[in-house]
Amino acid sequence: MASYFQEARLPQQRVVEGVAFPAVLVPSAPSVATGGVEEFLAAVRSERASRLEPLVRGAGALLLRGFPVRTAADFDRAVDAFGYEELPYVGGAAPRTNVVGRVFTANESPPDQKIPFHHEMAQVPTFPSKLFFFCEVEPKSGGETPIVLSHYVYKRMKEKFPEFVEKLEKDGLIYTRVLGEGDDPSSPIGRGWQSTFLTKDKAVAEERAAKLGMKLEWSDDGVKTIMGPIPAVKWDESRGRMIWFNSMVAAYTGWKDARNDPVKAVTFGDGSPLPADVIAECGRILEEECAAVPWQHGDILLIDNWAVLHSRRSFEPPRRILASLCK
């Protein structure tokens, strides 16, 4: 039977260790693009195991472009067709709004702000294994979601800063963030404690924080959350390689608002400060190795959170990217 999908090449793709990154699938025939969403959903279900999953596994990320997925509701059904279980967004830092079903807005921080590279929710023990992004409104300009392969970043950091990586492996990291009560949409980490822990009750928040292994220190107008020490590199069992699984550069350079000083936001697990020059160089490596494909309306990007870090470039509105997190 002919496949509904065919592989494509884009100028922004990279080839890493012989593999195109991200993998890109487009309709195999013009009739596919003009067909209905039902046909697309049926194709995802029937070719998921044979075609889609192996591409995600091999490349770490898969872009689906040119298919009849136009709305948030279509996207919700597409995520569902992949069959992954939903992960509730507890403990994450980004301000987000639930749109429909299991679909949320991506980080709603202001357009002039860049969001640095991170693994989704690497600062808490329960993180998604897969995440989906969907372009509902394409940006006027900018606003790409650059992606980079984590094992490759680990490899480059280990070659360049072996002692730093050794200390990171031994001590891990501590993440500290001060939260207000309500959300602050002007901040990229502006989620207040009530929406972070999905409750208005401090005792329930304490309980949920404890489940994440997080300590809370309450103040008059908010709470300081202390997470860690937690590992900064992990072993990806399924692919047999070490990965750069942390939000170190993001926290050190981007966890900045009226309440938070980014330099204090992340330290070594023994409490000692991170060297600014090494963080800056890691930021450069991430930028150098990343692939950034401009968004088009209807694009679905599926990321394996065990393999890939992502970020967001600043943009000129409008732009609306939706997200869904999976266990």
Side-chain angles (χ1 to χ4, degrees), residues 69-80 82 84-116 118-124 126-128 130-140 142-145 177-201 204-205 208-209 212 222-223 225 247 250 254-260 295 297-303 305 310-327:
V69 179
R70 312 317 278 163
T71 65
D74 290 347
F75 173 53
D76 186 47
R77 295 179 68 201
V79 173
D80 217 49
F82 273 88
Y84 304 120
E85 208 181 324
E86 184 181 2
L87 180 82
Y89 189 58
V90 178
R96 300 174 186 263
T97 312
N98 184 220
V99 179
V100 55
R102 51 197 290 181
V103 171
F104 286 78
T105 53
N107 190 323
E108 290 171 327
S109 65
D112 59 338
Q113 295 184 6
K114 266 182 21 181
I115 297 169
H118 58 286
H119 278 279
E120 191 62 35
M121 295 167 72
Q123 74 279 12
V124 289
T126 309
F127 52 84
K130 301 278 192 304
L131 43 144
F132 287 85
F133 289 112
F134 169 68
C135 179
E136 188 182 34
V137 179
E138 64 186 68
K140 193 168 170 188
E144 298 93 342
T145 300
R177 197 158 50 89
V178 181
L179 281 56
E181 188 173 75
D183 290 1
D184 171 6
S186 72
S187 162
I189 52 161
R191 238 174 147 216
W193 68 263
Q194 296 186 349
S195 62
T196 296
F197 300 111
L198 309 177
T199 180
K200 288 191 164 132
D201 182 332
V204 175
R208 289 184 179 159
L212 295 170
V223 63
T225 64
S247 297
W255 286 16
K256 190 188 306 179
D257 61 14
R259 289 180 200 86
N260 291 277
W295 284 111
H297 178 216
D299 281 354
I300 294 177
L301 178 64
L302 167 53
I303 292 176
N305 198 35
H310 67 281
S311 65
R312 182 196 82 184
R313 290 191 178 157
S314 57
F315 62 93
E316 210 181 324
R319 171 192 190 266
R320 189 161 147 103
I321 304 296
L322 303 178
S324 188
L325 310 181
C326 307
K327 280 187 180 165

Checklist entry - By salt bridge (Lys or Arg N to Asp or Glu O under 4.0 Å), which residues pair with Lys114, not counting sequence neighbours? => result none
Checklist entry - If you measure from CG on Leu131 to SG on Cys326, what distance do you get to the nearest 0.5 Å? => result 8.0 Å
Checklist entry - In Å and rounded to the nearest 0.5 Å, what is the CD1 to CG distance from Ile189 to Asp257? => result 4.5 Å
Item to check | Side-chain heavy-atom pair Val103, Asn98 within 4.5 angstrom cut-off | outcome: no
Checklist entry - Atom CG of Leu301 and atom CZ of Phe132: how far apart are they, to the nearest 0.5 Å? => result 10.0 Å
Checklist outcome for this item: Between the CG atom in Leu325 and the CZ atom in Arg96, the distance rounded to the nearest 0.5 Å is 5.5 Å
Checklist entry - Listed by chain and number, what are the side chain to side chain donor-acceptor pair (under 3.5 Å) partners of Thr97, not counting sequence neighbours? => result Glu108
Item to check | Any residue meeting salt bridge (Lys or Arg N to Asp or Glu O under 4.0 Å) with Lys200, in chain and number order, not counting sequence neighbours | outcome: none
Next on the checklist: Let me confirm one number: the CD-CD1 distance from Glu138 to Ile321, rounded to the nearest 0.5 Å.
Outcome noted: 9.0 Å
Checklist entry - Checking side-chain contact (heavy atoms from CB on, under 4.5 Å) for the pair Val223/Val178: CA distance, chi angles, key distance, verdict? => result CA-CA 6 Å; Val223 63; Val178 181; over 6 Å; no
Checklist outcome for this item: Contacts of His310 meeting ring-ring contact (aromatic ring centres under 6.0 Å, His included) (sequence neighbours excluded), chain-then-number -> His118, Phe133
Item to check | Contacts of type ring-ring contact (aromatic ring centres under 6.0 Å, His included), residue Trp295, not counting sequence neighbours | outcome: none
Checklist entry - Between Thr199 and Asp201, do the side chains contain an N or O donor and an N or O acceptor separated by less than 3.5 Å? => result no
Next on the checklist: To check you understand the geometry: which heavy-atom pair defines the closest contact between Ser187 and Gln113, and what is its length?
Outcome noted: C-OE1, 4.4 Å
Checklist entry - Atom CG in Leu212, atom OG1 in Thr225: separation rounded to 0.5 Å? => result 10.0 Å
Item to check | salt bridge (Lys or Arg N to Asp or Glu O under 4.0 Å) partners for Arg102, two or more places apart | outcome: Asp80
Checklist entry - Which atom pair, heavy atoms only, marks the closest approach of Gly254 to Pro188? => result O-CG, 3.8 Å
Next on the checklist: Going by the rule ring-ring contact (aromatic ring centres under 6.0 Å, His included), which residues pair with Phe127 if we only count those two or more places apart in sequence or in a different chain?
Outcome noted: Phe245, Trp306
Item to check | Shortest non-hydrogen separation from Pro128 to Leu87 and the atoms involved | outcome: N-CD2, 3.4 Å
Item to check | Heavy-atom donor-acceptor pair, Asn305 side chain to Glu120 backbone, under 3.5 Å | outcome: yes
Checklist entry - Of all residues at least two apart in sequence or in a different chain, which pass the side-chain contact (heavy atoms from CB on, under 4.5 Å) check with Ser186? => result Asp184
Item to check | Heavy-atom closest contact (Lys130 atom, Tyr84 atom, distance) | outcome: CE-OH, 3.6 Å
Next on the checklist: Please determine whether side-chain contact (heavy atoms from CB on, under 4.5 Å) holds for the pair Arg259 and Leu179, giving the CA-CA distance in whole Å, both sets of side-chain angles, and the decisive distance to 0.1 Å.
Outcome noted: CA-CA 7 Å; Arg259 289 180 200 86; Leu179 281 56; 6.0 Å; no
Checklist entry - Taking all non-hydrogen atoms of both residues, which atom of Ala73 and which atom of Val100 are closest, and how far apart? => result N-CG1, 4.1 Å
Checklist entry - What are the two closest non-hydrogen atoms of Val79 and Ser324, and how far apart are they? => result CG1-OG, 3.7 Å
Item to check | Residues which pass side-chain contact (heavy atoms from CB on, under 4.5 Å) with Asp183, listed by chain and number, not counting sequence neighbours | outcome: Arg191, Ser195
Next on the checklist: What verdict does the side-chain contact (heavy atoms from CB on, under 4.5 Å) test give for Ser311 and Ile115, after you've listed the backbone C-alpha separation in whole Å, the side-chain angles of each residue and the deciding distance to 0.1 Å?
Outcome noted: CA-CA 5 Å; Ser311 65; Ile115 297 169; 5.5 Å; no
Checklist outcome for this item: Residues passing the side-chain contact (heavy atoms from CB on, under 4.5 Å) test with Lys256, sequence neighbours excluded, are Pro262
Item to check | Residues that Arg320 engages under salt bridge (Lys or Arg N to Asp or Glu O under 4.0 Å), provided they are two or more places apart | outcome: Glu136
Item to check | Qualifying residues under side-chain contact (heavy atoms from CB on, under 4.5 Å), relative to Pro318, sequence neighbours excluded | outcome: Val137, Lys140
